[in-house]
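Each remark here refers to the structure printed beneath this line.
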Amino acid sequence: MPAVDLFIPCFVDQLFPQTAMNMVKVLEAVGCEVYYNGNQTCCGQPAYNAGYKAESCQVATKFLNDFPNEPGRYIVSPSASCVGMVRGAYAELFEGTKDQSRYFGVQRRIFEMTEFLVDVLGVKRIEGAQLTGKYTYHDSCAALRECGIKEAPRTLLDSVQGLERLEMQENETCCGFGGTFAVKFEAISVAMAEQKVEHALATGAEYLVSTDTSCLMHLDAYIRRYDKPIRTLHVADVLASGW
């Protein structure tokens, strides 16, 4: 039975706790022994992206302390963005420091949920998962470009009973969120969200699905503001449906 330490990003914890619970439901269904360290906080990405590297390193060091390097244990998260931060940016933050070897240990053990299920465990379907309708998939920048995730979420979603995939135009284009980008460049960010949502609507899909709640939060704000007929769902929420 694989031992899994959950890493629940701060915005998921505060705004989308049900997505985290659905990930636990899915992991336990495939036989994982799931653990959660309640002392965990942030991976340090907001500070890092804003240029505060010293402060980001302090948060990153806490992350290493919260997830000690134990052989045979995995770290799994419902956010490719945070996984990408730990895998990539930590290399810069801990280069040449006493914590570099600890970082390498964590880097090898951390996975986004769908790549863990498909690429590590070899799981291609979640038994009982059922959602009737058509979906289109958004490749988040972090999942696609930082983590190399593309096929794993589609493999799992395509196996959900009653669900049909309709690929949208420019599905690999950024949604416009980018964390502080959405605050500093609001007009550009909203225009990018509009483009993404319109491409999704053009497919006739009822659901817009992704690995990243940050992207989905941004897109859902546009959808709600302009009353668009499509619903955003995280992959974990889809896989936990119907059972």
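The model shown is predicted, which means the values in this text are computed figures rather than measured ones.
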What's the verdict on side-chain hydrogen bond (donor to acceptor under 3.5 Å, both in side chains) for D66 and N39, showing C-alpha distance, side-chain angles and the deciding distance? CA-CA 7 Å; D66 289 337; N39 292 323; 5.6 Å; no
So D220 and R225, salt bridge (Lys or Arg N to Asp or Glu O under 4.0 Å) or not? Walk me through it. CA-CA 8 Å; D220 189 58; R225 172 67 176 81; over 6 Å; no
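The closest side-chain donor-acceptor pair between E167 and T203, if any, does not fall under 3.5 angstrom. Between the side chains of T19 and D237, at least one donor N or O sits under 3.5 Å from an acceptor N or O. No side-chain donor-acceptor contact under 3.5 Å links H234 and S210.
Between R109 and E70 there is no salt bridge, since none of the side-chain N atoms of the basic residue sits less than 4.0 Å from a carboxylate O of the acidic one. Salt bridge K228/E198: present, at least one basic N to carboxylate O contact under 4.0 Å. E127 has a carboxylate O that lies under 4.0 Å from a charged side-chain N of R125, or vice versa, which qualifies the two as a salt bridge. Taking 4.0 Å as the cut-off between side-chain N and carboxylate O, K150 and E172 count as a salt-bridged pair.
Environment of CD in E95: sparse, with no more than 12 heavy atoms of neighbouring residues, nucleotides or ligands closer than 6.0 Å. Counting non-hydrogen atoms of other residues, nucleotides and ligands closer than 6.0 Å to OH of Y36 gives a total above 12. Within a 6.0 Å sphere centred on CZ of R231, heavy atoms belonging to other residues, nucleotides or ligands number 12 at most.
Checked by atom type and distance alone, the side chain of K53 never pairs as donor or acceptor with a backbone atom of A47 at under 3.5 Å. When atom types are taken as modelled, the side chain of T155 and the backbone of E151 share a donor-acceptor pair closer than 3.5 angstrom. Put simply, the side chain of H199 never gets that close to the backbone of N171: no donor and acceptor are under 3.5 Å apart. Put simply, the side chain of Q40 gets close to the backbone of I8: a donor and an acceptor are under 3.5 Å apart. Formation of a donor-acceptor pair under 3.5 Å by the Q100 side chain with backbone atoms of G96 is found in this model. The backbone N or O of R87 sits less than 3.5 Å from a side-chain atom of Y103, completing a donor-acceptor pair. The closest donor-acceptor contact from the side chain of S140 to the backbone of A143 lies under 3.5 Å. Listed for the K124 side chain is no donor-acceptor partner under 3.5 Å among the backbone atoms of S159. Between the side chain of E115 and the backbone N or O of E112 there is at least one donor-acceptor pair closer than 3.5 Å. Judged by distance alone, with hydrogens and angles left aside, the side-chain atoms of K134 form no donor-acceptor pair with the main-chain N or O of E164 at under 3.5 Å.
Considering every non-hydrogen atom in both A29 and W243, the closest pair reads CB-CH2, 3.5 Å. For the pair T136 and L166, the tightest heavy-atom approach, listed with the atom from each and the gap, is OG1-O, 2.7 Å.
Checked against the 6.0 Å centroid threshold, Y52 and Y48 do not count as a close aromatic pair. Ring centers of F104 and F94: at least 6.0 Å apart, outside the cut-off. With ring centers used as reference points, F11 lies 6.0 Å or more from F16.
Ring pair Y90/F63 is perpendicular by interplanar angle, where above 60° counts as perpendicular and below 30° as parallel.
The side-chain heavy atoms of M85 and L93, taken from C-beta on, include a pair separated by under 4.5 Å. The shortest side-chain heavy-atom distance between V30 and L117 falls under the 4.5 Å cut-off. By the 4.5 Å heavy-atom criterion applied to side chains, Y207 and L131 are counted as neighbours. Side-chain atoms of R145 and D139, non-hydrogen and from C-beta on, never get closer than 4.5 Å to each other. Taking 4.5 Å as the limit, some side-chain heavy atom of L121 sits within range of a side-chain heavy atom of P2.
None of V238, T132, I126 except one satisfies the side-chain contact (heavy atoms from CB on, under 4.5 Å) rule with V160; the exception is V238. Residue M113 forms a side-chain contact (heavy atoms from CB on, under 4.5 Å) with just one option from V76, T211, L6, and that option is V76.
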